[in-house]
Q: 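Sharing a structure, written as structure tokens. Questions coming.
Any value given below was found using the heavy atoms of this structure, including those in side chains, with hydrogens, waters and symmetry copies removed. Atoms within each ligand, like the ligands themselves, are counted from 1 in listed order.
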Amino acid sequence: MLKYVKESDPELYELTMEEADRQEHNIEMIASESTVPPEVMEMAGSIWTNKTLEGYPGARFQAGSEVADKLETLANERACRLFKADHVNIQPYSGTTANYVVYASVLDPGDRVLAMRLDQGGHLSHGSKANWMSKQYDFQHYGVDPATGLIDYEALEKQAQEFRPKLLLAGASSYPRLIDYEKIGQIAKDVGAYSMVDMAHVAGLVAAGLIPSPIPYVDFVSSSTTKTLCSARAGMVFCKAEYAKKLDHGVFPGSLGSMHLTTMAAKCWSFKYAASDEFKEIMQRVLTNSKYMCGELKAHGFDLVCGTSDNHLIVVDLRSKGVTGKQMQTALDKAGITVSKQQIPDDPESPMVTSGIRIGLTSTAQRGLKEPEIKRIVELIDRVAADPENEENLAAVKKDAMDIVKDHPLYPAGVLED
Ligand SMILES: *Cc1c(COP(=O)(O)O)cnc(C)c1O
């Protein structure tokens, strides 16, 4: 796969193989990660990268676009069929840019937006103080009920009636339960706001038809195409037919430049693959493993935010174990298990330290790990939590972690070798 770089730049080749080795031998449990099929890598590195293209099929700014027109049309058709949507724009480069283009399509500077708070599960691009969107628009944020960890729809409705946003945004990076999209759409309608859901994390589960889709209920649905969709590092936005023109204009010329035909081709492949039984079985395995892991974690004395998980991610409140999220992330990384530290609702620790970790089940399901392996992983996590600073303990856990994945290769033989 890397024969030219191996020849011309051995240093970069070695680095890439080092990363391949890390991915192969670690237990990957970062909730935003997944492993792309080889076809996605083929397309993401293909000749489509040579073509500069702006505009839309049939209305391009550059010559030589006939073939690319067919690609974008095919990808759009597949995306709309897969997600049962009226319209899609797959030009956004990432989940973050997918959100920006929706804002660019329907908002003016200073407009009010109501979105989920970052420290309660939201995303930076939903108007966090640290993100430049907070300077463009007037964001207010809603949160979860501290007792249950669940979105408090009653409080949200009251807030929407008082704040009168132009856009109501739902969707999260670390919310382990289902979101009531119908309710979100209804609240927005009642206050005269546009409704939008960012399904970046759960798009694969939605595509597989295993959890409810936001698409029937809201005006705009943005997403990243990595995460559970297991596709290229890119984004997309769906909308109702009546907003198709607004959205396309907001993307180009509104906010983006030439599209990335490489990731568009990769997404095109994934939109077909995601309709297959093979993909559905993997997504079902993600959910089965996630529920099973919740039970195992609780049996080992771990507290879970929201009590359980209905999707691919679990948020663990580590306070009962006397360790912080940062400590646990570092210790687990040394022990061959990759997770991210995570703020829990009303976290007493700073965002850099945190009281929790977020665990994702996508990559391990893709590798074919099932209940027996998940059970062993929870035992390892518990061993790390019991003695997170003890290097000998971590080294022993790492050996066992590598043993769990050794018979479950990341890729079929021949994909990573050259
Ligand atoms: C990950 C995520 C994004 C950002 O996606 P990128 O592709 O990393 O830019 C946006 N929104 C939510 C809710 C996310 O979880």
Q: Looking only at protein heavy atoms, which one is nearest to atom 5 (O) of ligand 1, and how far off is it?
A: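 Checking every protein heavy atom, the shortest distance to atom 5 (O) of ligand 1 gives Gly95 CA, 3.4 Å.
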
Q: With a cutoff of 4.0 Å, is Gly235 in contact with ligand 1, counting heavy atoms of the residue only?
A: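 Per 4.0 Å heavy-atom rule, Gly235 does not contact ligand 1.
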
Q: Classify the angle between the aromatic ring planes of Tyr100 and Tyr103 as parallel (below 30°), tilted (30 to 60°) or perpendicular (above 60°).
A: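 Plane angle between 30° and 60°, so tilted.
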
Q: Does NE2 belonging to His87 count more than 12 external heavy atoms closer than 6.0 Å?
A: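 Atom NE2 in His87 is crowded, with more than 12 foreign heavy atoms closer than 6.0 Å.
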
Q: Would you check whether Arg233 reaches within less than 4.0 Å of ligand 1, judged by its heavy atoms?
A: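 No.
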
Q: Could you find the nearest protein heavy atom to atom 9 (O) of ligand 1 and give me its residue, atom name and distance?
A: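 I find the closest protein heavy atom is Thr96 OG1, 2.7 Å.
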
Q: For the 3.5 Å polar cut-off, considering only N or O atoms, please tell me whether Ser125 and ligand 1 meet it.
A: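 Min N/O separation from ligand 1 is not below 3.5 Å for Ser125.
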
Q: Please answer whether the main-chain N or O of Lys272 pairs with a side-chain N or O of Arg78 as donor and acceptor at a distance below 3.5 Å.
A: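 No; judged by distance alone, with no hydrogens or angles, the pair does not exist.
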
Q: Is the shortest heavy-atom distance from the side chain of Ile359 to the side chain of Met293 under 4.5 Å?
A: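 With C-beta onward as the side chain, the pair touches.
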
Q: With a sphere of 6.0 Å drawn around CD of Glu242, does it hold more than 12 non-hydrogen atoms of other residues, nucleotides or ligands?
A: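 Count over threshold, so yes.
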
Q: At a 4.0 Å threshold, what atoms of ligand 1 neighbour a non-hydrogen atom of Ser94?
A: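 Answer, ordered by atom number: 7 (O), 9 (O).
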
Q: Give a yes/no on ligand 1: does Asp198 have at least one heavy atom closer than 4.0 angstrom to it?
A: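 A heavy atom of Asp198 does come that close to ligand 1.
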
Q: Tyr142 and Phe163: aromatic ring centres closer than 6.0 Å?
A: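 Ring centroids of Tyr142 and Phe163 are no less than 6.0 Å from each other.
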
Q: What residue and heavy atom of the protein are closest to atom 3 (C) of ligand 1, and at what distance?
A: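 Sorting protein heavy atoms by distance from atom 3 (C) of ligand 1 puts His123 NE2, 3.2 Å first.
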
Q: As an exercise, identify every atom of ligand 1 less than 4.0 angstrom from a heavy atom of His201.
A: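 Every atom of ligand 1 under 4.0 Å from some heavy atom of His201: 15 (O).
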
Q: Which residue holds the protein heavy atom closest to atom 14 (C) of ligand 1, what is that atom called, and what is the gap in Å?
A: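 Result for atom 14 (C) of ligand 1: Lys227 NZ, 2.9 Å.
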
Q: Would Ser173 count as being in polar contact with ligand 1, using the rule that some N or O on each side must be under 3.5 angstrom apart?
A: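 By distance alone, the answer is yes.
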
Q: Does Val286 offer a backbone N or O that forms a donor-acceptor pair with the side chain of Ser290 under 3.5 Å?
A: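 Side chain of Ser290 to backbone of Val286, a donor-acceptor pair under 3.5 Å: no, none is there.
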
Q: What atoms of ligand 1 come within less than 4.0 Å of a heavy atom belonging to Ala172?
A: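 The list of qualifying atoms is 13 (C).
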
Q: Give the numbers and elements of all ligand 1 atoms closer than 4.0 Å to a heavy atom of Ser224.
A: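 Near Ser224, meaning under 4.0 Å from one of its heavy atoms, ligand 1 has 5 (O), 7 (O).
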
